[in-house]
Amino acid sequence: MADEKLIDQSVIERLAQDVLAERRRSRRWSIFFRSAAVVLAGLFLIAVFALGGFGHKVCLDRCTAMVRVDGTIDERGRASATNVISGLRQAFEYPQVKGVIVAINSPGGSPVQAGQIYDELRRLRAKYPDKPAVAVVEDMAASGGYYVAAGADRIFVDRASLVGSIGVIMQGFGFAGAIDKLGIERRVITSGERKAVLDPFRPVDPADEMHIRGILDEVHGQFVKAVRDGRGTRLKESSELFSGLVWTGARAIELGLADELGSVDSVARDVIKAEEVVDFTPEESLPDRVARRLGTAMAREIALELRGPTLR
């Protein structure tokens, strides 16, 4: 009986050791697979960010690149020159890209930012002559938005798109009458006699107005030259063409401000001959998205209106 108990105990101990060994092996394999999963996930994230982020597809064969100019064109917005130019450069440099579409839906904005995008678009067109660069107007390409479009080889519009508004505006408010009625004394001390130009709390000085009008006329002349350089003999010159008026897409074609009707998809398919469209527009940062949704962009637009000339 004692021998049988010893044998049974020995068998039980061996079984227990086998169970413990199996558990250790299972734990090691579990750790291995978890580690491998973490490594693979890390490699995937690195690959995604290296290829441009979650918002972009990968162009593996033939594709059409799209860069969006969406909203007001200003230095801090999504349609800033820095963002748009970054997307354009990546699009033109990408070997599988057969053509670039600049998709525009903008009421205008900073003449400096619009001019920088225009200049870079023309430079990239010259550097990559085998890659057509076309603008596609969605709802609107007005003023600064049209400034950008004029830098493309061709401009496609919808019949109902709003196109043109080739003019420059500087807006503000005048409170001179209100401040007198309220009995408020305005105190402004400057080190230059013209430093307080267009002070909203005093009547407009004709000399100040003439100076500002000269600046606006100069910027307008730069805008007009850019349009003429970009569109060439396609423009149907008239007294109203550069007056600041806006037209429908159908009328813009008649005036030579646009070439044909078309959308992003139809241009990719029928003009560039690469139906797959890949978005190269740089992603907004999280703080920018939150600020835009909270309405900070609206406040920024008001500040821009009061700060300097605007292509609107």
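Bear in mind that the values here come from a model prediction, so they are computed numbers and not experimental data.
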Handout entry: Check against side chain to side chain contact (heavy atoms under 4.5 Å, CB included), E120 and Q116
Key = CA-CA 6 Å; E120 183 64 11; Q116 288 177 354; over 6 Å; no
Handout entry: Step-by-step side chain to side chain donor-acceptor pair (under 3.5 Å) determination, T72 to D74
Key = CA-CA 6 Å; T72 302; D74 68 76; 5.2 Å; no
Practice task
Let me see the working for L235 and V227 under side chain to side chain contact (heavy atoms under 4.5 Å, CB included), right down to the final yes or no.
Solution key: CA-CA 9 Å; L235 287 175; V227 173; 4.1 Å; yes
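Listed by first then second residue, pairs satisfying salt bridge (charged side-chain N to carboxylate O under 4.0 Å, His left out) with a partner in residues 126-140 read R68-E138, not counting sequence neighbours. Applying the salt bridge (charged side-chain N to carboxylate O under 4.0 Å, His left out) definition to pairs two or more places apart or across chains, those involving residues 220-231 are K225-D229, R228-E237, R231-D259.
Side-chain contact of D265 with S263: a donor-acceptor pair under 3.5 Å is absent, judged by distance alone.
Taking the side chain as every heavy atom from C-beta outward, L245 and S165 never approach each other to under 4.5 Å. Between R125 and D153 the shortest side-chain heavy-atom distance falls below 4.5 Å. For the pair V246/V163, no side-chain contact is recorded, criterion being any heavy-atom separation below 4.5 Å from C-beta on. Proximity of K98 to T64: side-chain heavy atoms (C-beta onward) are nowhere separated by under 4.5 Å. At a threshold of 4.5 Å between non-hydrogen side-chain atoms, the residues D158 and L261 do not count as touching.
Atom-to-atom distance recorded for I166:CD1 and S143:OG is 8.5 Å, nearest 0.5 angstrom. A distance of 8.5 Å separates CD1 of I85 from OG of S80, quoted to the nearest 0.5 Å. Considering CD of E276 and CD of Q96, their distance stands at 10.5 Å, rounded to 0.5 Å. Atom CG of L124 and atom CZ of R89 lie 7.0 Å apart (nearest 0.5 Å). Taking CZ of F156 as the start and CG of D270 as the end, the distance is 9.0 Å to the nearest 0.5 Å. One finds the CG atom of N83 at 12.0 Å from the CD atom of E75 (value rounded to the nearest 0.5 Å).
Salt bridge R213/E209: present, at least one basic N to carboxylate O contact under 4.0 Å. A salt bridge links R154 to E260: one of the charged nitrogens lies within less than 4.0 Å of a carboxylate oxygen.
Aromatic rings from F280 and Y94 are positioned such that their centres are separated by under 6.0 Å.
More than 12 heavy atoms of other residues, nucleotides or ligands shown are found within 6.0 angstrom of CZ on R234. Heavy-atom contacts from other residues, nucleotides or ligands closer than 6.0 Å to CD of E275 number 12 or fewer.
The closest donor-acceptor contact from the side chain of H220 to the backbone of F242 lies under 3.5 Å.
Taking every heavy atom of both residues into account, D70 and A79 meet most closely at O-CB, 3.7 Å. The two atoms that bring A226 and A150 nearest to each other are O-CB, 4.4 Å, heavy atoms only. Among all heavy-atom pairs drawn from I73 and G145, the shortest one is CD1-N, 3.8 Å. Contact between S106 and G71 at its shortest, heavy atoms only, is OG-O, 2.8 Å. Taking all atoms of both residues into account, the shortest heavy-atom contact from L257 to Y146 is O-OH, 2.7 Å. When all heavy atoms of A258 and V157 are compared, the pair lying nearest together is CB-CG1, 3.7 Å.
By the criterion of side-chain heavy atoms lying less than 4.5 angstrom apart, applied directly or through intervening Ile, Leu, Val, Met, Phe, Trp or Tyr residues, L255 is not grouped with L162; the two fall into different hydrophobic clusters. If you chain together hydrophobic residues whose side chains sit under 4.5 Å apart, V84 and M140 never meet in one group. Hydrophobic clustering of Ile, Leu, Val, Met, Phe, Trp and Tyr side chains at less than 4.5 Å, counting indirect connections, unites L241 with V137.
With sequence neighbours left out, the ring pair (Phe, Tyr, Trp, His ring centres under 6.0 Å) criterion links F92 to Y128. Residues that satisfy the salt bridge (Lys or Arg N to Asp or Glu O under 4.0 Å) test with E240, not counting sequence neighbours, are absent from this structure. Applying the ring pair (Phe, Tyr, Trp, His ring centres under 6.0 Å) test to Y118 and every residue at least two apart in sequence or in another chain returns Y147.
Applying the under-4.5 Å side-chain rule to Ile, Leu, Val, Met, Phe, Trp and Tyr, the cluster around M210 consists of that residue alone.
Remark: of the listed residues V264, V100, V102, V278, V264 is the sole one forming a side chain to side chain contact (heavy atoms under 4.5 Å, CB included) with M66.
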